[in-house]
Engineer: 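The structure's right below; bear with me while I get my questions together.
Nothing here was measured: the structure is a model prediction, and the numbers come from that model. Keep in mind that the numbers below use all heavy atoms, side chains included, and drop hydrogens, waters and symmetry copies. Counting starts at 1 for both ligands and their atoms, in listed order.
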Amino acid sequence: MVTVSEYRRTIFDLVSRLRRSEEVPLAASAGHVLVLAEDVHSPADVPPFDNSQMDGFAVSSEDPAVTGAQAPAAPAQTAGDVRAAADASFGGPALPLMPMVPAGRAPEPLRRRHAAPVMTGSRMPAGADCVIPVEQTADGFERADAVSFTESLGELAQPGRFVRRRGSDTAAGERIARAGERLSPALAGVLASCGLAHAPVWAPLRILVVSTGDEVVAPGAERGEAQIFDANGIAVTGALMAAGARIVATLHVSDDPADLFAQVGRWAAQTDLVVSMGGISQGAREVIRLAAAAEAEGSGGAAAGGMVFDAVGMQPGGPQAHGRLAGLPWIALPGNPVSSLVSIEMFVRPALLAVPPERAPRPVAEARLELAAPQDSPTGKLQVRRAHLRPDATVELISGPSSHLLGAYARADALALIGAETTQIADGDEVIVWSIA
Ligand SMILES: Nc1nc2c(c(=O)[nH]1)N[C@H]1C(S)=C(S)[C@@H](COP(=O)(O)OP(=O)(O)OC[C@H]3O[C@@H](n4cnc5c(N)ncnc54)[C@H](O)[C@@H]3O)O[C@H]1N2
Ligand code: MOO
């Protein structure tokens with residue numbers, strides 16, 4: 001029997017061989033699940049220049065009007081100087097104004113004993129090192145010639161106050177993301193803020209989803225009296241898309257291998273990988289087994305790269321197969337709906353998201369089981385149970401272990417992992433839980 005970690009490695013390697021990197025335009029990345037293929041370094045400082053954090057007035061904390069140093073006696077020269085002198089005579093400190101600096105406009109250097117009106121995001125004039133918010137002035141932006149302040153300039157004009165320094169968010173040359181990280185909206189924004197228009201990502205794999213079985217009909221179609229509706233096609237397609245796959249098509253094939261070869265063949269040119277559900281266990285009409293056997297026979301008994309059928313030490317999701325079929329890389333999941341979704345969670349999703357097999361692909365918690373009565377757990381198999389994780393780190397199992405109980409999976413926000421060596425679980429046991437919410 002193959003262990004869960006061995007099989008995760010197998011599927012990771014299979015998927016890794018199919019990966020290729022591409023430069024995705026950030027403008028086209030929104031809403032997609034993308035993983036960085038390389039580290040990214042910033043080509044520039046962000047912010048690219050010192051700028052104001054407030055609507056207000058840029059001044060210099062070293063200006064003599066702030067430090068109280070006596071100005072050399074000079075006659076007032078501008079209307080602003082005259083007003084400022086007049087304001088000062090009313091007791092409030094005041095400064096003549098330079099032209100306003102709207103955000104986006106390059107300012108002229110600050111003159112001595114002057115203030116420059118600035119807006120949030122305006123580039124700081126050379127020589128200015130702090131901003132006095134408009135709320136701390138008597139007359140706001142009403143006057144173009146001068147501004148008077150509500151407190152002493154010594155109080156208000158502290159070096160660096162309300163200034164966002166160049167490079168304070170991201171410094172030029174800094175690594176802003178690592179290979180393997182998800183391109184989240186925030187991270188895409190960071191790249192954009194540095195001036196990058198593209199991101200190096202793993203191209204989404206083009207996956208053909210194949211559900212199998214004569215007993216399966218499309219939801220909404222006429223159902224024969226021994227038939228069921230196709231839950232896997234819908235659920236697996238969604239689960240793969242949520243892990244970043246691009247779905248080429250979702251097919252349903254019968255138990256006849258000829259149908260499988262014909263339908264899959266039509267999509268082969270556009271497909272990187274097939275993920276199928278069902279048809280791999282011990283029955284007499286397992287379509288994946290039959291198709292693999294037919295191919296092996298056609299190639300004179302050599303398995304032609306063929307399919308490997310495994311028994312993985314996991315419940316649900318014990319039967320698994322992988323390899324090549326119909327000329328395509330192929331991952332064959334078991335057909336029970338919970339088994340196929342758990343298999344995606346444990347093997348396929350981590351591989352698609354390029355999470356190395358030794359790392360947990362979901363947030364992991366330790367939690368205490370709440371259980372009315374002890375239950376057996378299968379020997380030598382990791383038991384994966386649908387569960388609800390509570391904020392107090394207790395975990396409640398949802399339904400029994402049967403792999404047809406898809407409703408219980410839909411209600412679960414966590415998977416409780418009961419170790420392969422555990423043969424019985426009881427109330428209060430500590431278990432590892434993956435959050436899948
Ligand atoms: N003699 C044995 N029988 C079975 C074994 C075993 O070891 N020996 N393993 C069991 C386990 S565990 C699983 S899991 C299943 C896996 O079987 P297959 O992968 O061959 O899947 P199927 O037989 O095709 O289907 C299993 C089950 O799931 C239903 N199903 C299939 N497709 C869909 C679909 N698209 N939507 C909803 N439900 C689907 C199907 O009707 C079956 O009930 O084998 C056990 N048997
Ligand atoms: O392993 Mo099957 O996947 O239990 O139902």
Side-chain angles (χ1 to χ4, degrees), residues 1-4 7 11 207-221 223-240 247 249-257 259-260 263-264 274-293 307-323 325 330-348 375-386 397 399-410 415-418 420:
M1 195 173 291
V2 179
T3 67
V4 167
Y7 202 66
I11 296 302
I207 298 186
L208 181 65
V209 179
V210 179
S211 73
T212 66
D214 286 355
E215 79 279 27
V216 172
V217 297
R223 185 182 66 79
E225 58 184 305
Q227 289 187 306
I228 58 168
F229 292 118
D230 184 351
N232 290 348
I234 296 291
V236 166
T237 295
L240 294 173
I247 302 301
T250 302
L251 309 178
H252 168 254
V253 303
S254 73
D255 287 334
D256 178 359
D259 182 33
L260 180 147
Q263 288 208 55
V264 170
V274 180
V275 172
S276 67
M277 302 80 72
I280 59 171
S281 61
Q282 307 297 323
R285 302 195 60 201
E286 308 287 15
V287 66
I288 303 294
R289 279 190 183 269
L290 294 173
M307 292 292 283
V308 178
F309 291 82
D310 293 300
V312 175
M314 181 168 92
Q315 200 277 312
Q320 300 284 343
H322 69 279
L325 188 60
W330 198 296
I331 297 172
L333 310 177
N336 277 309
V338 175
S339 310
S340 59
L341 287 181
V342 166
S343 304
I344 288 177
E345 193 60 53
M346 303 303 286
F347 308 126
V348 186
Q375 293 183 18
D376 290 338
S377 187
T379 315
K381 292 182 179 181
L382 178 79
Q383 196 192 166
V384 183
R385 292 290 293 268
R386 285 135 277 178
L397 301 181
S399 86
S402 293
S403 52
H404 68 292
L405 301 173
L406 183 58
Y409 199 114
L415 295 175
L417 308 185
I418 318 291

Engineer: I need the atoms of ligand 1 closer than 4.0 Å to a non-hydrogen atom of Ser211, numbered in the order shown.
Structural biologist: 35 (N)
Engineer: Is there at least one pair of N or O atoms, one from Gln282 and one from ligand 1, spaced under 3.5 Å apart?
Structural biologist: no
Engineer: Around atom 35 (N) of ligand 1, find the nearest protein heavy atom and jot down its residue, atom name and distance.
Structural biologist: Asp230 OD1, 2.8 Å
Engineer: In terms of residue, atom name and distance, what is the protein heavy atom nearest to atom 33 (C) of ligand 1?
Structural biologist: Asn232 ND2, 3.2 Å
Engineer: Would you give the length of the straight line joining atom CG of Asp376 to atom CD1 of Ile418, rounded to the nearest 0.5 angstrom?
Structural biologist: 12.0 Å
Engineer: Is there a protein heavy atom at a distance of less than 4.0 Å from atom 3 (N) of ligand 1?
Structural biologist: no
Engineer: Compare all side-chain heavy atoms of Arg289 with those of Gln282 and state whether any distance is below 4.5 angstrom.
Structural biologist: yes
Engineer: Ligand 1 and Ser403, any nitrogen or oxygen pair closer than 3.5 angstrom?
Structural biologist: no
Engineer: Return a yes/no value for Ile280: is any of its N or O atoms, backbone included, closer than 3.5 angstrom to an N or O of ligand 1?
Structural biologist: yes
Engineer: For residues His322 and Val308, determine if any side-chain heavy atom of one lies less than 4.5 Å from a side-chain heavy atom of the other.
Structural biologist: yes
Engineer: Please say whether Ala231 places an N or O atom under 3.5 Å from an N or O atom belonging to ligand 1.
Structural biologist: yes
Engineer: Which protein non-hydrogen atom lies closest to atom 15 (C) of ligand 1, naming both residue and atom, and how far is it?
Structural biologist: Asn336 ND2, 3.7 Å
Engineer: I want to check something: taking the side chain as every heavy atom from C-beta on, are Gln320 and Met346 in contact at a cut-off of under 4.5 Å?
Structural biologist: no
Engineer: So, do Phe347 and Met314 sit near enough that their side-chain heavy atoms are less than 4.5 Å apart?
Structural biologist: yes
Engineer: Is Val274 close to Leu325 at the side-chain level, that is, under 4.5 Å between some pair of heavy atoms?
Structural biologist: no
Engineer: List the protein residues in contact with ligand 2, where contact means a heavy-atom separation under 4.0 angstrom.
Structural biologist: Gln315, Pro316, Gly317, Gly318, Pro319, Asn336, Ser339, Ser403
Engineer: Please identify which atoms of ligand 1 are closer than 4.0 Å to at least one heavy atom of Thr212.
Structural biologist: 32 (N)
Engineer: Within less than 4.0 angstrom of ligand 1, does Gly318 place any heavy atom?
Structural biologist: no
Engineer: Please report the shortest heavy-atom distance between Phe229 and Gly220, naming the atom on each side.
Structural biologist: CE2-N, 4.1 Å
Engineer: To check your reading of the model: name the closest protein heavy atom to atom 46 (N) of ligand 1, its residue, and the distance in Å.
Structural biologist: Ser281 OG, 3.9 Å
Engineer: Atom OG of Ser339 and atom CD1 of Ile344: how far apart are they, to the nearest 0.5 Å?
Structural biologist: 11.5 Å
Engineer: To the nearest 0.5 Å, what is the distance between NE2 on His404 and OG on Ser399?
Structural biologist: 8.5 Å
Engineer: Does Asn232 form a side-chain hydrogen bond (donor to acceptor under 3.5 Å, both in side chains) with Ser211? I'd like the steps, not just the answer.
Structural biologist: CA-CA 7 Å; Asn232 290 348; Ser211 73; over 6 Å; no
Engineer: So, 4.0 Å and heavy atoms of Gly279: is ligand 1 close enough to count as a contact?
Structural biologist: yes
Engineer: Taking the minimum heavy-atom distance to atom 42 (C) of ligand 1, which of Arg289, His252, Glu215 ranks first?
Structural biologist: Glu215
Engineer: State, to 0.1 Å, how close Pro378 and Gln315 come at their nearest heavy-atom pair, and which atoms those are.
Structural biologist: CG-CB, 4.0 Å
Engineer: Heavy-atom distance from atom 10 (C) of ligand 1 to the protein below 4.0 Å?
Structural biologist: no
Engineer: Examine Leu333 against ligand 1 and note whether any of their N/O atoms are separated by less than 3.5 Å.
Structural biologist: no
Engineer: Within the structure, does Gly335 bring an N/O atom to less than 3.5 angstrom of an N/O atom in ligand 1?
Structural biologist: yes
Engineer: Given side chains that start at C-beta, do those of Ile280 and Thr212 come closer than 4.5 Å, heavy atoms only?
Structural biologist: no
Engineer: Which atoms of ligand 1 have any heavy atom of Ile228 under 4.0 Å away?
Structural biologist: 37 (C), 38 (N), 39 (C), 41 (O)
Engineer: Contact between ligand 1 and Met277 is defined here as a heavy atom of the residue under 4.0 Å from a ligand atom; is it met?
Structural biologist: no
Engineer: Looking at Phe229, which atoms of ligand 1 are within less than 4.0 Å of one of its heavy atoms?
Structural biologist: 36 (N), 37 (C)
Engineer: Just which atoms of ligand 1 are under 4.0 Å from any heavy atom in Pro337?
Structural biologist: 37 (C), 38 (N)
Engineer: Which residue and atom name correspond to the protein heavy atom nearest atom 23 (O) of ligand 1, and how close is it?
Structural biologist: Glu286 OE1, 4.0 Å
Engineer: Less than 3.5 Å between some nitrogen or oxygen of Ser339 and one of ligand 1, yes or no?
Structural biologist: no
Engineer: Within a strict 4.5 Å, meaning less than it, do heavy atoms of the Val342 and Tyr409 side chains meet?
Structural biologist: yes
Engineer: With a 4.5 Å heavy-atom cut-off, do Asp214 and Val287 have their side chains touching?
Structural biologist: no
Engineer: For the CG atom on Leu290, are there more than 12 heavy atoms of other groups (residues, nucleotides or ligands in this structure) within a distance under 6.0 Å?
Structural biologist: yes
Engineer: Who's the nearest protein heavy-atom neighbour of atom 12 (S) of ligand 1, and how far?
Structural biologist: Pro319 CD, 3.8 Å
Engineer: Please report the closest heavy-atom contact between Pro316 and Ser403, naming both atoms and the distance.
Structural biologist: CB-CB, 3.7 Å
Engineer: With heavy-atom distances below 4.0 Å as the criterion, list the atoms of ligand 1 near Pro334.
Structural biologist: 14 (S), 16 (C), 19 (O)
Engineer: Check Ser343 against Leu333 and note the closest heavy-atom contact, atom names and distance.
Structural biologist: CB-CD2, 3.7 Å
Engineer: Might you point out which heavy atoms bring Gly213 and His252 nearest each other, and give the distance in Å?
Structural biologist: O-NE2, 2.8 Å
